Peer 1: 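A single structure is presented below for examination.
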Amino acid sequence: MEYILIQFVNGLCQGSIYALMAIGYASIVGVTGLVTFAYGEVMMIGAFAAYYTFQYFADQLLVGILASFAAAACMGFLVYKICYERFFDKPRHISLICTIGFSMLVKNLAQILFGANTKAMPSVIQNFFLDIGPVRINAVQLIIVATVIGLSGALYLLFNKTQAGIRLRAVNQSRQAAALVGINVKRTILFGNCLGCGIGGTAGMLLAIYYQSLSPTIGSTFGNKAFASAVAGGMTSIPWAAGGGVLIGVIENIGTAFLPNSYRDVFAFVFLFIVLLLRPEGLSKKEGIRP
Amino acid sequence: MKKWLSIVLALALCLTALAGCGPKTPPETTDGSKDTQAPPSQASGTEGAPAASELKFAVLAPITGNYAEFGKAFEVATKMAADEINAEGGVNGRPISLTVYDTKGDATESADIARQLVGQDDIMGVIGDFSSTACMADAPIFGDAGMVLLSPTASHSDFTPMNDYMFSIMGRTDDESRFFISSLVKDYKGADNIGIIYTNSDWGNQCNSSMMDQAAKDGLTVVADEPYTEGEIDFTNVLNKVKNQNPELLVLIMQTVDCANALNAIAQMGWDIDTVCQGASASQQVIELAGENAEGLCSTTSFFIDENVPREKEWLDKFVAGAGFTPTVHAAVAYDAVYIMAEAAKSCGDNVTREGIREGLANLGEYIGFTGPIEFDETGAIFRKVLIVQIENGTYVRRTDYNYGNQ
C-alpha cells in the first residue's frame with residue numbers, strides 16, 4: 001500500500017510536467033484552432049536556451065525561465081509565420097503537415113548547431129528532501145509542482161482579468177465574432193501562439209532540469225505526451241488539459257506498479273483511447289470546439 | 001519577401017534533411033573528403049595512390065543519436081588504423097579506403113544502408129554496426145550477398161551464428177554477464193540479493209537472462225528484475241519499483257546515456273544504493289553526464305587503456321586529439337577491426353574478393369591486436385577476458401582485489 005502511495009505521489013509530480021506541457025499546447029490550439037506537431041521541438045529549444053543561459057550567463061532558475069520562455073516564444077512567432085498565417089482559411093491538414101515539416105527542420109538544425117550528443121543540464125536547484133510518512137518528495141518535484149500551479153494561476157488571471165485575455169477567449173470562441181467586435185484576430189492569434197510556445201519552452205527547461213540532461217531529440221517523446229494530455233482534456237480547455245496531464249502521469253505510475261515498466265506508454269495511450277471512446281470531446285464539458 | 005522566406009526555408013529544410021540522413025548520401029572518407037562519387041584518388045588515405053588500386057571498405061556507425069559517442073569513436077579509430085596501414089604501404093601495395101555511414105543507432109536505418117552497400121561491387125567488406133540489434137538486422141542482407149560484416153562491438157551470442165559472413169571481435173555478452181555476476185557482484189561486491197534493471201533490446205535481454213542463470217547457480221537472490229524501453233529518459237518509475245523490493249545492490253544493464261540518467265535519478269530520489277553497470281564500460285560520457293552521482297559505480301570492460309604503457313598512451317593521445325574525448329573499449333576494437341580486415345585482404349593476394357575476405361577472416365588464426373589476442377571460433381565470435389573498473393574521483397580505476405583480478 002505504501003508503495004502505491006509513493007507511486008501515486010510520483011505520478012502527481014510526473015503529471016505536473018505533462019500538465020505544464022499540456023497547458024501550453026491547449027493555449028496554442030485554443031487560439032489558433034490548429035493542431036501543432038512542432039510543440040516538442042519548441043520545448044527542446046526552450047530547454048537549450050536555458051542550458052546555454054546557465055552555462056554562459058547566470059545559473060539561476062528565474063533567468064532560465066525567462067530565457068526559455070523568450071526563445072520558445074520566438075519559435076512560436078516563426079511557427080505562426082511559416083505554418084499558420086497563410087493557411088487559416090485553407091484545409092486544416094495543410095498547416096498540420098507544415099508543422100510536421102517545421103519540427104523536422106528544427107530537430108535537424110538543432111543536431112547540427114548543438115551537437116547530437118546528450119548534454120548534462122546544470123543543477124540550478126539545490127536538492128533537498130521532504131519526507132511525509134513513507135513518501136519522499138525532492139526539491140525539483142516541489143519546484144515543478146509550484147511552477148505549474150503558479151503558471152496556471154497567472155494564466156487564469158491573464159485570461160480572465162486582462163484585455164488581452166478577453167481577446168484570446170473571444171478568438172477561442174469565434175474568430176468571426178471577435179473580428180466583428182473589432183478584435184485584431186491575427187495579432188491575437190500570434191500572441192496566443194507565442195504565449196503557448198513560451199509555456200512549452202519553460203516546460204522543456206523544467207524537463208531538462210528534472211532529468212538532468214537534454215538532447216535535440218528530447219522533444220519528440222514529450223511532445224506526444226503533451227498532445228495526449230491536451231486531447232484527453234478536450235484540446236482547448238486549459239484547466240482540463242492540465243487535469244489530463246496529471247491523470248496520465250498518475251495512471252502511468254500506478255499502472256507500472258502492477259505490470260512491467262515497458263508498458264508505461266501503453267497505459268497513457270490506452271487511457272486516451274478510453275477517454276475518446278467515452279467522451280469524444282475530451283474531459284472538458286465544452287462541446288463543438290475541437291479543431 | 002514572403003516568397004524569399006519560403007524559398008530560403010525550403011532550402012534549409014532540404015539541407016538539414018540531407019544532414020540528418022547522414023552518409024546515406026555523402027559519406028566521409030578516410031581523408032575527410034566527401035562522397036564516394038569523388039574521384040577515387042581523392043578518396044584514398046594515401047596521396048598519389050593509383051585510383052584503381054584502392055581497397056574499399058564501409059564502416060557502419062551511429063554518428064548521431066543515443067550512441068553518438070560510440071559512432072564518433074568508430075569513425076576516429078578506424079581512420080587512425082587506415083592511415084597507419086596506408087602509411088606502411090597499404091595491403092599488398094594497395095591503399096585502403098574507408099567510407100563511414102551514419103546508422104543513427106537505428107536498426108532500420110542500418111538495414112537500409114546495408115541494402116545499398118551490397119549493390120556496390122567495389123566495396124569488399126563492412127565494419128560495424130555498433131549495436132547487436134542493428135547487426136542482427138543487417139546479417140541476412142550481407143549474408144545473402146556474400147559480404148562480410150565484421151562488427152567491432154556486437155556481442156549477442158546469436159549474431160555471428162546467423163550466417164558464415166558474420167564476425168565479431170567484442171567477445172560474447174553471455175560470457176561477460178556470467179563474469180559480471182560471479183566476479184563483480186558476488187565476489188567483488190559480496191552481494192547476496194540484487195535488483196536488476198535492463199534495457200529491453202536484444203543485447204539487454206540476453207545480458208539479463210545470462211545474469212539470471214548465473215545468479216541462480218551462484219546462489220544469489222534476484223529480488224527485482226525490471227525491463228525499460230530503450231531510449232527512456234524517466235527512470236524514477238522503474239527505480240521506485242525496484243527500490244520497493246529493497247535490494248542490497250542495484251545492477252543496471254544499459255548503455256552510457258541511460259546509465260547516466262539512471263544514476264542521476266537515483267541521486268535525485270535520495271536512494272542510497274550501491275550500483276554496478278554492464279554496458280557503461282569505461283565511458284567518459286557517464287562521468288560527464290552524471291558527475292558526482294557516478295562516483296563509485298563499478299562496471300566491466302574487456303579492455304582498459306593503461307597510460308603507463310607507452311604504446312597505449314600514444315594511441316590514447318592520438319585518439320583524443322582526433323575525437324576530443326577519452327576512448328572506451330569500443331574505439332579500441334574498432335581500430336583492431338580495420339587491421340583484421342586488412343589482414344584478411346592481405347591473405348587474398350592480388351585478387352581481393354568478398355569471398356576471399358571471408359576466407360581470410362575464418363582462417364585468421366590467433367591475431368594479436370591492440371586489445372589483445374583475437375581468434376575466431378567456428379561461429380565467427382571470439383572469447384575475451386573481462387576486467388572490473390570503478391569510477392573514483394571522477395576517473396576510471398582498474399580493480400584487481402577480487403579472486404581473478406590479477407589473471
Side-chain angles (χ1 to χ4, degrees), chain A residues 2-4 6-7 10-11 13-14 17 78 81-82 85-86 101-102 104-112 115-121 123 127-129 131 136-141 207-208 210-218 220-222 252-253 255-258 260-265, chain B residues 2 5-6 9-10 12-21 62-66 68-69 71-72 102 104 197 200 225-245 256-258 260-261 263-265 267-271 285 287-291 293 325:
Chain A
E2 272 182 16
Y3 172 53
I4 300 294
I6 292 168
Q7 285 295 85
N10 279 328
C13 297
Q14 180 91 46
I17 301 178
L78 282 178
K81 284 288 174 190
I82 294 162
E85 192 176 34
R86 293 198 291 160
F102 187 80
M104 287 165 61
L105 171 74
V106 173
K107 197 191 296 178
N108 282 303
L109 273 178
Q111 292 206 358
I112 295 166
N117 286 8
T118 304
K119 292 179 170 53
M121 189 73 171
S123 324
N127 202 15
F128 60 85
F129 300 102
D131 290 311
R136 168 170 272 200
I137 302 171
N138 63 55
V140 183
Q141 288 174 319
L207 274 172
Y210 187 60
Y211 297 121
Q212 299 173 54
S213 66
L214 77 166
S215 73
T217 53
I218 192 174
S220 310
T221 316
F222 291 102
E252 274 183 2
N253 278 266
T256 51
F258 300 101
N261 195 66
S262 310
Y263 291 101
R264 214 177 87 169
D265 287 349
Chain B
K2 280 178 183 172
L5 184 66
S6 309
L9 283 167
L13 181 61
C14 293
L15 283 173
T16 51
L18 285 176
C21 290
I63 304 294
T64 57
N66 269 358
E69 181 197 11
K72 180 72 179 170
D102 180 10
K104 302 176 185 174
I197 299 176
N200 200 357
D225 185 39
E226 283 295 324
Y228 74 93
T229 309
E230 203 171 8
E232 178 65 271
I233 299 175
D234 183 11
F235 283 88
T236 316
N237 200 346
V238 68
L239 284 168
N240 265 314
K241 203 166 178 183
V242 175
K243 185 186 176 190
N244 188 46
Q245 301 302 320
T256 52
V257 174
D258 289 355
N261 283 335
L263 292 171
N264 284 334
Q268 198 170 65
M269 61 196 273
W271 186 17
Q285 204 176 13
I287 298 172
E288 285 166 11
L289 292 176
N293 297 339
F325 56 85

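From a predicted model like this one, the values you see are computed outputs, not experimental measurements. Within every chain, numbering begins at 1; the chains are lettered A, B, ... in the order of the sequence lines, protein sequences first and strands thereafter. Just the heavy atoms: all of them, side chains too, but no hydrogens, waters or symmetry mates, feed the values below.
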Peer 1: Does any backbone or side-chain atom of Y263(A) lie under 4.5 Å from a heavy atom of chain B? Answer side chain, backbone, both or neither.
Peer 2: neither
Peer 1: Side chain, backbone, both or neither: which part of Q7(A) has an atom under 4.5 Å from a heavy atom of chain B?
Peer 2: side chain
Peer 1: Would you mind telling me which of N261(B), N293(B), L289(B) makes a side-chain contact (heavy atoms from CB on, under 4.5 Å) with Q212(A)?
Peer 2: N293(B)
Peer 1: Heavy-atom cut-off 4.5 Å, strictly under: side chain, backbone, both or neither for F129(A) against chain B?
Peer 2: side chain
Peer 1: Heavy-atom cut-off 4.5 Å, strictly under: side chain, backbone, both or neither for K107(A) against chain B?
Peer 2: neither
Peer 1: Counting N and O atoms only, with roles assigned by atom type, does the side chain of E288(B) sit under 3.5 Å from a partner on the main chain of A120(A), one being a donor and the other an acceptor?
Peer 2: no
Peer 1: For N10(A), which atoms come within 4.5 Å of any heavy atom of chain B: side chain, backbone, both, or neither?
Peer 2: side chain
Peer 1: Is chain A contacted by the side chain of A260(B), its backbone, both, or neither, given a heavy-atom distance below 4.5 Å?
Peer 2: neither
Peer 1: Indicate yes or no: at least one non-hydrogen side-chain atom of D234(B) is less than 4.5 angstrom from one of Y211(A).
Peer 2: yes
Peer 1: Under the criterion side chain to side chain contact (heavy atoms under 4.5 Å, CB included), I'd like the reasoning laid out for Y228(B) against R264(A): C-alpha separation, chi angles, the key distance, then a yes or no.
Peer 2: CA-CA 9 Å; Y228(B) 74 93; R264(A) 214 177 87 169; over 6 Å; no
Peer 1: Drop me the distance from M269(B)'s CE to I6(A)'s CD1, to the nearest 0.5 angstrom.
Peer 2: 8.5 Å
Peer 1: Determine the option with the most heavy-atom pairs under 4.5 angstrom with chain A, choosing from T229(B), N237(B), V238(B).
Peer 2: N237(B)
Peer 1: Could you pull out the closest heavy-atom pair between N261(A) and E232(B), with the gap in Å?
Peer 2: ND2-OE2, 4.3 Å
